[in-house]
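Read through the structure below, which is laid out as C-alpha cells, and then see the notes.
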Amino acid sequence: MPAKGWKPKERKKGYRRFLCAPRKGSGRKVRQNQDIPRQEIEAIVDVDHAVYGDDVLNEGFLGFDVTPPQQSIKVLSLFDGIGAAKVALDAVGIQISEYISSEIDEKAIKVLKYHYHDKMKMVGCVKSLTEDKLSEFGSIHLLLAGSPCSDFSLCNPARRNLHGEGSTGQLFFEFKRILDYLTEAARVHGHDFYWLFENTFSMEKNTKDEISSCLGCKPAIKCATSHRPMKRKRCFWGTVPGLYSPEDTPVNHQVLQDYLKPYRKANVSILPTLTSSSYSQRKGRKLPITEDDQDGYLYITEEESIFGFEEHYTDVNLSITDRRRLLGRSWCIPVIKSLLQPLADVLREGGFRV
C-alpha cells in the first residue's frame, strides 16, 4: 500500500508518444497529434526494410545472436619436441584446459620452457608414464605423438626398425601402450577421445604394415608441398575428424623465393625434405640459395618460417647446428593445422563430450 502522502509521478505531455517514437536514423517523420495515413505507414515500412533488412518484418523477439563458449580439452603430447603441436593447436583456436608434454631432449625442453613455461606441464620420458601416472592426469581428450623416425627411415642404412636391439623404433610400443590405456579410460568415463600418430613415409613396407595392424587403421599420407615449398611426406594414423578426407585447400604455389630476403636468390623452387643436417638442403650438388654471387644454405630463420614457426622461435641460446637439428625433427606446422582444423570446428559447435 502506498505511503501516506504519496502521489503518482506526473508524466510530461507527449511522454507516451516519445516511448513509441521511431528509431533514431530510421528516416521516419511522425506528425504529432495527427493520424498517419496508410500510404505513409507503408512508406515507413519500406524505409525500415531497406535499412534493417528482413528482420524488421519478423514478428516477435528472435533472441540475441550469441556464440556459445568453445569447449576446452586436455591434451597429452608424446615426443613433443619443440612444441609444434602446441603451436598448431593455438593457431586453429582450440582451447586447452591443460597441455601435458612428454620430452627428454634437453635442448628441445629449453625451447619449450622459453615459450611455454607457464602453459604446459612437462612430464619427462614416455616410459615413466605408468598407468598410475596417467590416471593422475584425469580425462585426456587428445593424444598426439610422432616417435623418432631414424631407425625407420630408408635413408639410414643402419636402421634397426621396430624390433632391433636398442632401436628407437621400439618407442612406438610405448605410444601404443598409452593409447590403449587412454582409449579404455575414455570408454569407462564416457568422454570423447581422439588421437594422432605420425612417422616418416620412407620406411619398409613390412614396418608400415605392422604399425597399421597394431593401430587398427591404415595411414593417411600427407606432404608439406601442399603448404610449403619443401618435400616432407609423412604417414598419419589416427581418429581425428577428417583425417582420411581429401584436402580442401588447393596445392600450394608458393616457392622458396617467397621465404628469402630480397637480396637472396633461390636456386630451386621447392626444397628436398629438410632433416637435422644442412646437407639435406642440397638438390644434387646444387645449393638452395645464392647471395652476392656465392651459393649457400638457408638462414636458420628462413628454415623456421618454412616449417611454420615464427622467426627466432628456436633462438634460446642454442647453436645454429642445434637449432637446425631440432627443426629437422619437428612437424611442419601448416600440415598439422590442416589436420586439427576439423576438430576445432567440432569443439566450436559444442558437439564434444568432455
Side-chain angles (χ1 to χ4, degrees), residues 78-82 84-85 88 105 108 126 144-176 195-238 240 243-244 246-247 251-252 256 268-288 297-298 303 306-308 321 324-339:
L78 308 179
F79 320 105
D80 196 31
I82 56 176
D105 187 296
V126 293
L144 302 171
S147 64
C149 65
S150 58
D151 276 319
F152 292 150
S153 177
L154 295 175
C155 297
N156 179 11
R159 62 187 176 275
R160 292 169 287 184
N161 294 313
L162 274 171
H163 302 286
E165 184 178 352
S167 171
T168 57
Q170 295 179 4
L171 290 171
F172 163 75
F173 297 106
E174 295 294 331
F175 164 76
K176 181 64 168 59
W195 60 273
L196 182 70
F197 178 76
E198 175 268 353
N199 216 289
T200 181
F201 175 80
S202 177
M203 68 171 71
E204 294 179 9
K205 183 179 183 303
N206 60 343
T207 300
K208 193 179 300 180
D209 290 344
E210 184 173 353
I211 292 175
S212 297
S213 177
C214 285
L215 297 179
C217 58
K218 292 184 178 181
I221 312 302
K222 307 291 181 180
C223 188
T225 51
S226 295
H227 305 272
R228 286 293 192 268
M230 70 169 173
K231 296 177 181 178
R232 198 173 185 81
K233 206 170 186 180
R234 291 292 185 266
C235 294
F236 292 91
W237 293 262
V240 292
L243 176 61
Y244 297 95
E247 292 190 52
V251 174
N252 174 54
L256 178 58
V268 295
S269 58
I270 297 179
L271 291 162
T273 300
L274 299 181
T275 67
S276 56
S277 170
S278 61
Y279 291 103
S280 64
Q281 299 179 21
R282 290 175 175 266
K283 209 166 187 178
R285 293 187 176 182
K286 184 182 291 186
L287 292 179
Y297 295 98
L298 296 170
E303 278 195 59
I306 291 169
F307 272 88
T321 301
R324 182 172 286 117
R325 178 180 61 83
L326 294 175
L327 286 170
R329 296 176 178 178
S330 180
W331 283 343
C332 181
I333 290 173
V335 175
I336 306 304
K337 284 169 56 180
S338 70
L339 297 180

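Side-chain atoms are counted along with the backbone in the values below, which use heavy atoms only and exclude waters and symmetry mates.
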The test is side-chain contact (heavy atoms from CB on, under 4.5 Å); show your working for F79 and L144 and say whether it passes. CA-CA 9 Å; F79 320 105; L144 302 171; over 6 Å; no
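- Legend: residues meeting side chain to side chain donor-acceptor pair (under 3.5 Å) with S150, ordered by chain and number and at least two apart, are absent.
- With sequence neighbours left out, T200 forms a side-chain contact (heavy atoms from CB on, under 4.5 Å) with C149, F152, S202, M203, R234.
- Cation-pi geometry between K233 and F201 is met: the NZ or CZ atom falls under 6.0 Å from the ring centre, inside 45° of the normal.
- In this structure, H227 has its ring center at least 6.0 angstrom away from the ring center of F307.
- S212 is linked by a side-chain contact (heavy atoms from CB on, under 4.5 Å) to P219, W237, counting only residues two or more places apart in sequence or in another chain.
- Note that CG of L271 and CD of E303 are 8.5 Å apart. Values are rounded to the nearest 0.5 Å.
- The CD1 atom of I211 sits 10.0 Å away from atom CG of N206, with the distance rounded to the nearest 0.5 Å.
- Every residue meeting the salt bridge (charged side-chain N to carboxylate O under 4.0 Å, His left out) condition with K176, not counting sequence neighbours, appears here in chain and number order: D180.
- Panel note: side chain R228, backbone I306; a donor-acceptor pair is recorded below 3.5 Å.
- Under the side-chain contact (heavy atoms from CB on, under 4.5 Å) criterion, K205 pairs with D209, not counting sequence neighbours.
- Closest approach of V240 to L339, counting heavy atoms only: CG2-O, 4.1 Å.
- Counting all heavy atoms, side chain and backbone alike, V335 lies closest to A224 at CG2-CA, 3.8 Å.
- Note: F236 CZ to F197 CZ = 10.5 Å, rounded to the nearest 0.5 Å.
- With hydrogens and angles ignored, the 3.5 Å screen pairs no side-chain donor or acceptor of S276 with any backbone N or O of G328.
- Panel note: side chain Q281, backbone L298; a donor-acceptor pair is recorded below 3.5 Å.
- Taking the side chain to side chain donor-acceptor pair (under 3.5 Å) definition, one finds that S280 meets it with T275, sequence neighbours left out.
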Starting from the C-alpha separation in whole Å, work towards a yes-or-no answer on side chain to side chain donor-acceptor pair (under 3.5 Å) for S147 and N199. CA-CA 7 Å; S147 64; N199 216 289; 3.1 Å; yes
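- The line from OG of S278 to CZ of R325 is 14.0 Å long, rounded to the nearest 0.5 Å.
- In terms of the ring-ring contact (aromatic ring centres under 6.0 Å, His included) criterion, Y244 has no residue partners (sequence neighbours excluded).
- The closest donor-acceptor contact from the side chain of R232 to the backbone of L274 lies under 3.5 Å.
- Atoms CG and CG, from L171 and L78 in turn, are 10.0 Å apart once rounded to the nearest 0.5 Å.
- Here Q170 pairs with nothing under the side chain to side chain donor-acceptor pair (under 3.5 Å) rule; sequence neighbours left out.
- The existence of a salt bridge linking E165 and R160 is excluded, since no basic side-chain nitrogen approaches an acidic carboxylate oxygen closer than 4.0 Å.
- Take N156 and apply the side-chain contact (heavy atoms from CB on, under 4.5 Å) test, not counting sequence neighbours, and it matches D151, A158, R159.
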